[in-house]
Asks: 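Please find one structure pasted underneath; my questions will follow.
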Amino acid sequence: MSGRQPHAAGEDAVDCSFIVPVLNEGGGIGAALSELRSHFPDSEILVVDGGSTDDTVAQALPRCDELLLTGAGRALQMNLGGRAARGDYLFFLHADTQPQFGQAHLLQALSGRPQWGFSRLRLSGRRRAFRVIEWFINQRSRVSGIGTGDQMLFVRADVFAATGGFDAIPLMEDVAYCTRLRRRCAPRVLAGPVVTSSRRWETGGVVRTVLQMWCLRLAYFLGASPQRLWRLYYGR
């Protein structure tokens with residue numbers, strides 16, 4: 001489904017495509033997409049819904065270039081969006097994350113044609129604890145060369161096609177894909193940050209959420225299956 005007129009056959013591809021996987025984000029997706037469009041007026045925006053039961057689709061449809069429907073699962077949604085996108089670069093953006101820079105800055109950052117990368121992270125909360133958390137996240141990703149979905153992972157379209165996209169797993173799909181991409185080359189870390197919602201830490205508690213995330217990542221690197229980690233993370 002498309003909220004705007006489709007591009008004519010043979011029309012040049014846009015430079016950047018933003019792929020936004022969503023599931024029951026009706027409360028905020030409209031404003032998020034409007035803000036994204038204001039910062040990147042010439043970029044393509046694709047929303048991939050994973051089976052929302054609220055008004056996410058109705059809110060997103062008039063504010064994106066294309067809206068795709070699929071089953072639940074962020075890797076499934078992002079891969080579908082990545083295959084449908086027409087941009088030279090694919091940016092995978094969570095619904096609660098917003099870039100803190102505009103189109104000119106982004107195109108300048110891509111002028112060297114990096115294969116892939118991600119942004120520095122800021123958390124929306126004002127507590128000092130969030131400044132500490134985001135600092136550690138940024139340091140860890142810089143040293144390890146592995147970003148997370150909250151950091152707006154981006155991949156050049158030809159690299160995405162050559163690597164097959166995200167691993168079809170229910171959790172840690174971002175870590176798994178970055179690990180594979182890192183074998184090709186080091187990531188480009190964008191100077192401009194993205195701000196992501198701190199609601200996960202506010203709802204679950206800062207200390208508890210940090211420990212939970214560390215334990216999940218450690219368990220994954222020690223060989224625990226993503227399916228088991230998904231059950232632990234969601235309590236199912």
Side-chain angles (χ1 to χ4, degrees), residues 1-9 11 13-99 148-177 194 196-197 199-200 226-227 229-231 233-234 236:
M1 292 186 291
S2 176
R4 302 174 66 180
Q5 292 298 315
H7 292 261
E11 185 176 336
V14 294
D15 290 318
C16 301
S17 294
F18 289 90
I19 295 103
V20 186
V22 295
L23 181 64
N24 294 329
E25 294 283 355
I29 191 62
L33 292 176
S34 294
E35 183 173 353
L36 185 64
R37 177 70 72 191
S38 70
H39 284 90
F40 304 95
D42 297 327
S43 295
E44 181 182 47
I45 300 176
L46 295 91
V47 174
V48 188
D49 186 81
S52 294
T53 56
D54 62 2
D55 65 343
T56 295
V57 169
Q59 292 292 326
L61 185 58
R63 298 176 173 90
C64 64
D65 295 292
E66 189 168 1
L67 192 144
L68 305 172
L69 304 176
T70 187
R74 187 168 278 159
L76 175 66
Q77 293 170 253
M78 293 190 294
N79 283 338
L80 178 61
R83 290 193 296 268
R86 296 170 305 148
D88 297 323
Y89 277 93
L90 313 178
F91 290 82
F92 297 93
L93 186 67
H94 288 184
D96 61 356
T97 302
Q98 280 290 336
T148 64
D150 290 331
Q151 291 174 267
M152 193 177 73
L153 299 176
F154 71 89
V155 187
R156 211 168 62 200
D158 61 324
V159 175
F160 183 81
T163 56
F166 291 87
D167 298 62
I169 53 179
L171 199 68
M172 299 292 175
E173 75 287 338
D174 47 2
V175 173
Y177 194 27
V194 295
T196 195
S197 172
R199 62 184 176 182
R200 184 189 324 171
Q227 291 76 16
L229 296 178
W230 183 88
R231 290 193 295 270
Y233 184 66
Y234 289 102
R236 300 177 186 179

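In this chain, numbering begins with 1 at the start of the sequence shown.
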Asks: Ignoring hydrogens, what is the shortest heavy-atom contact between Phe160 and Val155? Give both atom names and the distance.
Replies: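 Closest pair (atom of Phe160, atom of Val155, distance): N-CG1, 3.6 Å.
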Asks: Rounded at 0.5 Å granularity, tell me how far OG1 in Thr53 sits from CG in Leu23.
Replies: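 Result: 7.5 Å between the selected atoms.
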Asks: Quick check: closest heavy atoms across Ser52 and Asn24, and the distance to 0.1 Å?
Replies: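 What the structure gives for the nearest pair is OG-N, 2.7 Å.
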Asks: Starting from the C-alpha separation in whole Å, work towards a yes-or-no answer on side-chain hydrogen bond (donor to acceptor under 3.5 Å, both in side chains) for Ser38 and Glu35.
Replies: CA-CA 5 Å; Ser38 70; Glu35 183 173 353; over 6 Å; no
Asks: Between Glu66 and Arg83, is there a side-chain N and carboxylate O pair less than 4.0 Å apart?
Replies: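 Salt bridge flag = no for Arg83 with Glu66.
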Asks: Run the salt bridge (Lys or Arg N to Asp or Glu O under 4.0 Å) test on Arg156 and Asp88 for me, step by step, so that the C-alpha distance in whole Å, both residues' side-chain angles and the decisive distance to 0.1 Å come before the verdict.
Replies: CA-CA 6 Å; Arg156 211 168 62 200; Asp88 297 323; over 6 Å; no
Asks: Identify the heavy atoms of Val48 and Gln77 that sit nearest to each other, and give their distance.
Replies: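 That closest heavy-atom pairing would be O-NE2, 2.7 Å.
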Asks: Are Val20 and His94 close enough, and set up right, to give a side chain to side chain contact (heavy atoms under 4.5 Å, CB included), and what steps lead you there?
Replies: CA-CA 6 Å; Val20 186; His94 288 184; over 6 Å; no
Asks: Drop me the distance from Leu76's CG to Phe166's CZ, to the nearest 0.5 angstrom.
Replies: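 Reported to 0.5 Å precision, the distance equals 12.0 Å.
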Asks: For Ala75 and Ile169, work out which heavy atoms get closest and say how close.
Replies: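 Nearest heavy atoms, Ala75 then Ile169: CB-O, 3.9 Å.
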Asks: Decide yes or no on side chain to side chain contact (heavy atoms under 4.5 Å, CB included) for Ser43 and Asp15, but give the supporting numbers first.
Replies: CA-CA 7 Å; Ser43 295; Asp15 290 318; over 6 Å; no
Asks: With the side chain counted from C-beta on, respond yes when Asp96 and Thr196 share a heavy-atom pair under 4.5 Å apart, and no when they do not.
Replies: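 A side-chain contact under 4.5 Å exists here.
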Asks: Report yes if the side chains of Phe92 and Asp174 come closer than 4.5 Å at any heavy-atom pair, otherwise no.
Replies: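 Answer no - side chains too far apart.
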Asks: Any side-chain heavy atom of Gln227 within less than 4.5 Å of one from Pro170?
Replies: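 Yes, close enough: below the 4.5 Å cut-off.
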Asks: Would you call Asp65 and Ser17 a side-chain contact if the rule is heavy atoms closer than 4.5 Å?
Replies: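 Asp65 does not reach Ser17 side chain to side chain.
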Asks: In chain order, what residues pass the salt bridge (Lys or Arg N to Asp or Glu O under 4.0 Å) check against Asp150, with sequence neighbours excluded?
Replies: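 Result, salt bridge (Lys or Arg N to Asp or Glu O under 4.0 Å) vs Asp150: Arg200.
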Asks: Please report the closest heavy-atom contact between Ala85 and Ile19, naming both atoms and the distance.
Replies: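 Of all heavy-atom pairs spanning Ala85 and Ile19, the closest is CB-CD1, 4.2 Å.
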Asks: Determine the minimum heavy-atom distance between Gln98 and Leu36, stating which atoms define it.
Replies: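 Closest pair (atom of Gln98, atom of Leu36, distance): OE1-N, 3.9 Å.
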Asks: For Phe18 and Phe40, take the angle between the two ring planes, folded into 0 to 90°, and tell me which bin it lands in: parallel under 30, tilted 30 to 60, perpendicular over 60.
Replies: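 Tilted: the ring planes of Phe18 and Phe40 meet at 30° to 60°.
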Asks: Nearest 0.5 Å, what's the CG-CG distance between Leu33 and Leu61?
Replies: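 Those atoms lie 10.5 Å apart.
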Asks: Please test Phe91 against Cys16 for side chain to side chain contact (heavy atoms under 4.5 Å, CB included), starting from the C-alpha separation and ending with a verdict.
Replies: CA-CA 7 Å; Phe91 290 82; Cys16 301; 3.8 Å; yes
Asks: In terms of side-chain heavy atoms, does Thr56 have a donor or acceptor partner in Gln59 at a distance below 3.5 Å?
Replies: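 No, no side-chain donor-acceptor pair sits under 3.5 Å.
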Asks: Working to the nearest 0.5 angstrom, can you tell me the gap between Met172 CE and Asp167 CG?
Replies: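 Nearest 0.5 Å value for the CE-CG distance: 12.5 Å.
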Asks: OG1 of Thr148 to CD of Glu173: how many Å apart, nearest 0.5 Å?
Replies: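 These two atoms lie 10.0 Å from each other.
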Asks: Quick one: do Arg37 and Glu44 satisfy salt bridge (Lys or Arg N to Asp or Glu O under 4.0 Å)? Show the steps, please.
Replies: CA-CA 9 Å; Arg37 177 70 72 191; Glu44 181 182 47; over 6 Å; no
Asks: Quick one: are Val159 and Tyr89 in side-chain contact, heavy atoms under 4.5 Å?
Replies: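 They are not in side-chain contact.
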Asks: Decide yes or no on side chain to side chain contact (heavy atoms under 4.5 Å, CB included) for Leu69 and Val57, but give the supporting numbers first.
Replies: CA-CA 9 Å; Leu69 304 176; Val57 169; 4.1 Å; yes
